[in-house]
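Positions are given from 1, in the same order as the sequence printed here. Just follow the structure's listing: the first ligand is 1, and inside any ligand the first atom is 1. Remember, it's a predicted structure, so these values are computed and weren't measured experimentally.
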Amino acid sequence: MTNDLENRAIAILKANDRGGYTVPTAGLYPYQWNWDSAFAALGFATFDRDRAWREIETLFDGQWEDGMVPHIIFRKNDPGYFPGPDIWGSRTEPPTSGHSQPPVVASVARWLVETGGREDERRAHEMFPKLMAWHEWWHCYRDPDETGLVGIVHPWESGRDNCPDWDIGMNNIVVPDDLGTYHRRDTDWVDPSERPTQETYDRYLTIVKFGRECGWDHDIVVREGPFFMADPCVQFVLMRADRDLMALAERFDDARARGRIADWVARDEAGAQAMWSDEACGFVATDLRTGSKSPAITNASMLAFYGGAGTEEQRAEMVRHAREILDGCRYVFPSWDPRHEGFEQRRYWRGPVWSVMNWMMAAGFERHGLADLAMRVRRDTLAMVRQSGFFEYFDPLTGEGLGGPNFTWTAAIHLALVSEHGAAEVA
Ligand code: GLC
């Protein structure tokens with residue numbers, strides 16, 4: 001039974017392979033996505049390490065001269081997807097979107113090196129300057145005042161597109177009269193009740209229009225753009241990835257890089273503290289224009305453990321939240337606190353569970369000696385797949401699979417979990 005599932009997961013990765021890179025799922029997402037490729041590499045590594053490296057090497061084909069690794073790479077035009085390359089207007093080759101996504105790659109590269117051999121080390125070494133440039137981009141362009149807290153310019157940059165976290169920033173966006181009409185494609189593939197509303201979509205496109213019209217000048221988008229918020233997912237993923245990059249710098253004996261990364265690591269914790277909310281009693285998304293804080297705990301808040309953020313007291317509060325939320329859900333970890341208003345068990349990032357978030361979260365729990373929480377999260381991740389298949393995300397109350405089917409990262413995380421922990425251990 002388990003073997004059969006593993007074979008299906010491998011078949012999904014192969015079927016979504018477009019020659020050196022994978023699409024997240026055929027139809028709904030027909031291009032290469034940034035953090036999807038990082039997680040895909042974890043899955044490939046369980047049966048084809050060369051292909052795992054190819055997945056992240058091809059992602060860096062899209063890296064901009066200033067170091068940014070964009071969230072989508074448009075290798076060939078696909079009319080089935082909106083907004084495509086013309087709407088983004090990146091004026092790069094290959095065409096890409098105009099902002100980034102959570103920087104998981106350095107952590108995956110370290111993982112490949114530490115679980116692999118000489119060839120993994122060689123490829124990581126080759127990629128190292130590109131990773132440094134990307135992290136530099138985050139710390140420089142997304143934190144121009146050197147506060148330690150990086151911002152995102154679009155909810156899509158968080159990877160948690162439709163989370164209520166963004167409502168406080170999105171509600172301030174005024175949709176211009178000349179936005180124009182457009183045909184959304186996502187709702188051609190997936191039930192509209194599981195996708196963002198039309199009003200939300202207009203605001204997404206307002207940000208893209210602003211970026212396109214200023215030539216995706218990062219300074220202008222950050223200082224004057226319609227949206228600038230701090231995201232616990234990006235911040236904690238970057239914190240973790242900075243440390244993983246440091247481990248690589250030490251391995252490669254690169255003193256200059258070590259010095260640079262040490263500065264970033266020192267600043268990261270101060271940034272994390274700026275997301276602490278006394279009202280929510282946890283780390284939450286923060287609007288960097290107004291200072292407002294999102295009211296509830298999410299699966300991204302729980303990545304504090306993965307990033308290594310917070311004081312002992314703060315982490316104790318986070319554990320308390322985790323246990324309460326765990327008690328209230330059949331499957332964890334939900335993307336919005338079910339104890340809070342706004343929870344929608346089926347709608348995209350407003351309640352459902354994602355395997356990739358769980359994978360990072362479980363690693364963080366384990367690192368902090370919370371083995372029971374790590375085990376529960378891993379077990380649920382496998383159980384939902386066993387019950388429903390390799391869907392994009394899952395209903396936390398029923399385990400039903402939602403969004404796109406045959407999803408690359410869900411298959412990849414399944415393979416990574418089984419290979420790291422053994423199916424029996426987490427069954
Ligand atoms: C959605 C998700 C994002 C992901 C993309 C492709 O936009 O919110 O995190 O990268 O789909 O899977």
Side-chain angles (χ1 to χ4, degrees), residues 12-13 16-18 21-43 55-56 59 62 69-75 78 80-84 87-88 96-105 108 152 154-166 170 184-190 194-197 200-201 203-205 207-208 231-234 236-237 285 298-300 303 334-336 344 346-361 390-394 401-413:
I12 288 171
L13 292 189
N16 288 342
D17 190 343
R18 295 292 177 272
Y21 74 95
T22 51
V23 295
T25 182
L28 181 63
Y29 301 120
Y31 298 110
Q32 183 171 22
W33 260 259
N34 184 323
W35 69 332
D36 296 65
S37 277
F39 292 113
L42 289 176
E55 185 74 24
I56 44 187
L59 174 65
V69 183
H71 101 292
I72 309 176
I73 305 187
F74 301 110
R75 284 169 197 279
D78 188 318
Y81 183 79
F82 181 87
I87 306 288
W88 287 95
T96 70
S97 62
H99 57 67
S100 198
Q101 242 185 351
V104 209
V105 179
V108 171
I152 56 167
H154 196 301
W156 291 342
E157 193 157 45
S158 71
R160 305 184 299 122
D161 306 8
N162 194 37
C163 184
D165 269 352
W166 317 126
M170 289 279 278
R184 278 173 75 164
R185 295 291 176 167
D186 56 329
T187 41
D188 293 351
W189 303 98
V190 176
E194 295 168 23
R195 298 291 302 181
T197 62
T200 303
Y201 227 85
R203 291 184 171 141
Y204 289 155
L205 291 179
I207 308 175
V208 174
D231 168 24
C233 178
V234 163
F236 295 143
V237 164
T298 63
N299 49 359
L303 296 185
S335 42
W336 183 251
E344 292 181 68
R346 299 174 67 87
R347 200 187 288 273
Y348 198 53
W349 293 108
R350 292 183 172 253
V353 181
W354 263 259
S355 297
V356 291
M357 298 297 285
N358 280 4
W359 186 80
M360 294 188 287
M361 193 186 305
F390 295 95
F391 274 87
E392 182 176 6
Y393 46 93
F394 300 87
L402 301 166
N406 302 320
F407 220 83
T408 295
W409 69 14
T410 310
I413 292 297

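- Every residue meeting the side-chain hydrogen bond (donor to acceptor under 3.5 Å, both in side chains) condition with R350, not counting sequence neighbours, appears here in chain and number order: D167.
- For H154 and W166, the distance between ring centers is not under 6.0 angstrom.
- Residues M360 and W35 come closest through the heavy atom pair CE-CZ3, 3.9 Å.
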Using a 3.5 Å cut-off on N/O to N/O, what pairs does ligand 1 make with the protein? A line per pair would be great.
from     : atom 1 : to   : atom 2 : distance (Å)
ligand 1 : 7 (O)  : D161 : OD2    : 2.6
ligand 1 : 7 (O)  : Y348 : OH     : 2.9
ligand 1 : 8 (O)  : G159 : O      : 3.1
ligand 1 : 8 (O)  : D161 : OD1    : 2.9
ligand 1 : 8 (O)  : D161 : OD2    : 3.2
ligand 1 : 8 (O)  : Y348 : OH     : 3.2
ligand 1 : 8 (O)  : W349 : NE1    : 2.8
ligand 1 : 9 (O)  : W35  : NE1    : 3.1
ligand 1 : 9 (O)  : G159 : O      : 2.5
ligand 1 : 10 (O) : W35  : NE1    : 3.2
ligand 1 : 10 (O) : D36  : OD1    : 2.6
ligand 1 : 10 (O) : Q101 : NE2    : 2.9
ligand 1 : 11 (O) : Y29  : OH     : 3.3
ligand 1 : 12 (O) : D36  : OD2    : 2.6

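- When the side-chain hydrogen bond (donor to acceptor under 3.5 Å, both in side chains) test is applied to Y348, the partners found at least two apart in sequence or on another chain are Y29, D161.
- Partners of D165 under the salt bridge (charged side-chain N to carboxylate O under 4.0 Å, His left out) rule, at least two apart in sequence or in another chain, are R160.
- Once rounded to the nearest 0.5 Å, the distance linking OG1 of T22 with CD1 of I12 reads 12.0 Å.
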